[in-house]
2 protein chains.
Amino acid sequence: MDDSIAFDVFDRQCPSRGTLEHVTGRWGSLTLGALYESGSRFNELRRRVDGVSEKMLSQTLHALERDGLVHRDAQPTNPPRVDYELTPLGREVAERLLGLIRLVEGRMPEVLAARGRYDATRGSERAGRGGR
Amino acid sequence: MDDSIAFDVFDRQCPSRGTLEHVTGRWGSLTLGALYESGSRFNELRRRVDGVSEKMLSQTLHALERDGLVHRDAQPTNPPRVDYELTPLGREVAERLLGLIRLVEGRMPEVLAARGRYDATRGSERAGRGGR
DNA sequence: CTGTATCCTGCCGGATACTG
DNA sequence: CAGTATCCGGCAGGATACAG
């Protein structure tokens, strides 16, 4: 039988689109990347993912936990201690993500050069937003 | 010698962060994914990337072109014809991206199952936004 | 067909305060 | 420490109209 066609992220109706956005989103990718290198506690993560607010980190972690990519281990001690770590699926996703991140980081000289050329051509008209 | 430390996406000051966001962003990832399978013209892309508006597609393409990931080939014919295709660097990025996309699509059953469990536990309190 | 310009709204996400 | 609750400004991004 055919259970195919399955999930297509190019279809805006498909739930995979939402998950992809959780994973590739602004904070999702960095959070997964940070967790890949070592399981962490909340404020540890907050420090590694430079610039994230408490609110967004919390929100991001919940979304990733819900999608089964992150496991949350809360210990009812005092003071409370909570450890976050990737699930097996989360690891697989994070590996791809890290590959992408390393690639981008490694090729930034090329990117920067391309930007220079583009901006020179267009007399510094803006296209997309600069770079944050 | 040491030109190291180089680019670190975890640092919010680093320009690589901006590029990563162009690449993984809501429309960036889908646009690169669509372009990987075949160079396309504007409205062709618009159809493949279900849900994108003219404005956002245009904006996304410009950002990717500026970063040197997409090449724009405009022919001054009438009616005008413009072809977009990935640069070599763009291809490398898109490959990783596609790998990630395929992985997510293929594992959606697990993701959906995890969501079900999560929502059951939390009595349907919302965490992150559902899925869009 | 391939875009750009303009308007407008929703919601992303930062700041702050508070709880266990 | 580990979060949640609330407020609210800015901008992402959709709709529409227009241009080459």
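Numbered from 1 within each chain, the chains take letters A, B, ... in sequence-line order. Atoms considered below: every heavy atom in the structure, side chains included; atoms not considered: hydrogens, waters and symmetry mates.
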**Prompt:** Taking A:Arg48 for the side chain and A:Ala34 for the main chain, is one N or O donor matched with an acceptor at less than 3.5 Å?
**Reply:** yes
**Fill in**
Taking every heavy atom of B:Leu97 against every heavy atom of B:Leu32, the minimum-distance pair comes out as CD2-CD1, 3.6 Å
**Prompt:** Quick one: which of D:dA17, D:dG13, D:dG20 gets closest to the side chain of B:Pro80?
**Reply:** D:dG20
**Message:** Return whichever of B:Arg81 or A:Val52 has its heavy-atom-nearest nucleotide of DNA chain C closer to the 5' end.
**Reply:** B:Arg81
**Request:** Would you tell me if any nitrogen or oxygen in the side chain of A:Arg72 comes within less than 4.0 Å of OP1 or OP2 on D:dG3?
**Result:** yes
**Polar side chain donor-acceptor pair, A:Thr19 to B:Arg115, under 3.5 angstrom** = yes
**Asked** Given D:dG3, C:dT4, D:dG14, which nucleotide is nearest the side-chain atoms of A:Val82?
**Response** D:dG3
**Message:** By nearest atom, which of the nucleotides D:dA15, C:dG14, D:dA2 is closest to the A:Ser53 side chain?
**Reply:** C:dG14
**Prompt:** Going by the angle between their ring planes, with limits at 30° and 60°, are A:Phe42 and A:Tyr84 parallel, tilted or perpendicular?
**Reply:** tilted
**Complete:** Looking only at C:dG14, D:dT4, D:dG13, the nucleotide nearest the A:Trp27 side chain is C:dG14
**Message:** Nearest to the A:Lys55 side chain among C:dG14, C:dT2, C:dT4, which nucleotide is it?
**Reply:** C:dG14
**Prompt:** Looking at C:dG3, D:dG14, D:dC1, which one has an atom nearest to any side-chain atom of B:Met56?
**Reply:** D:dG14
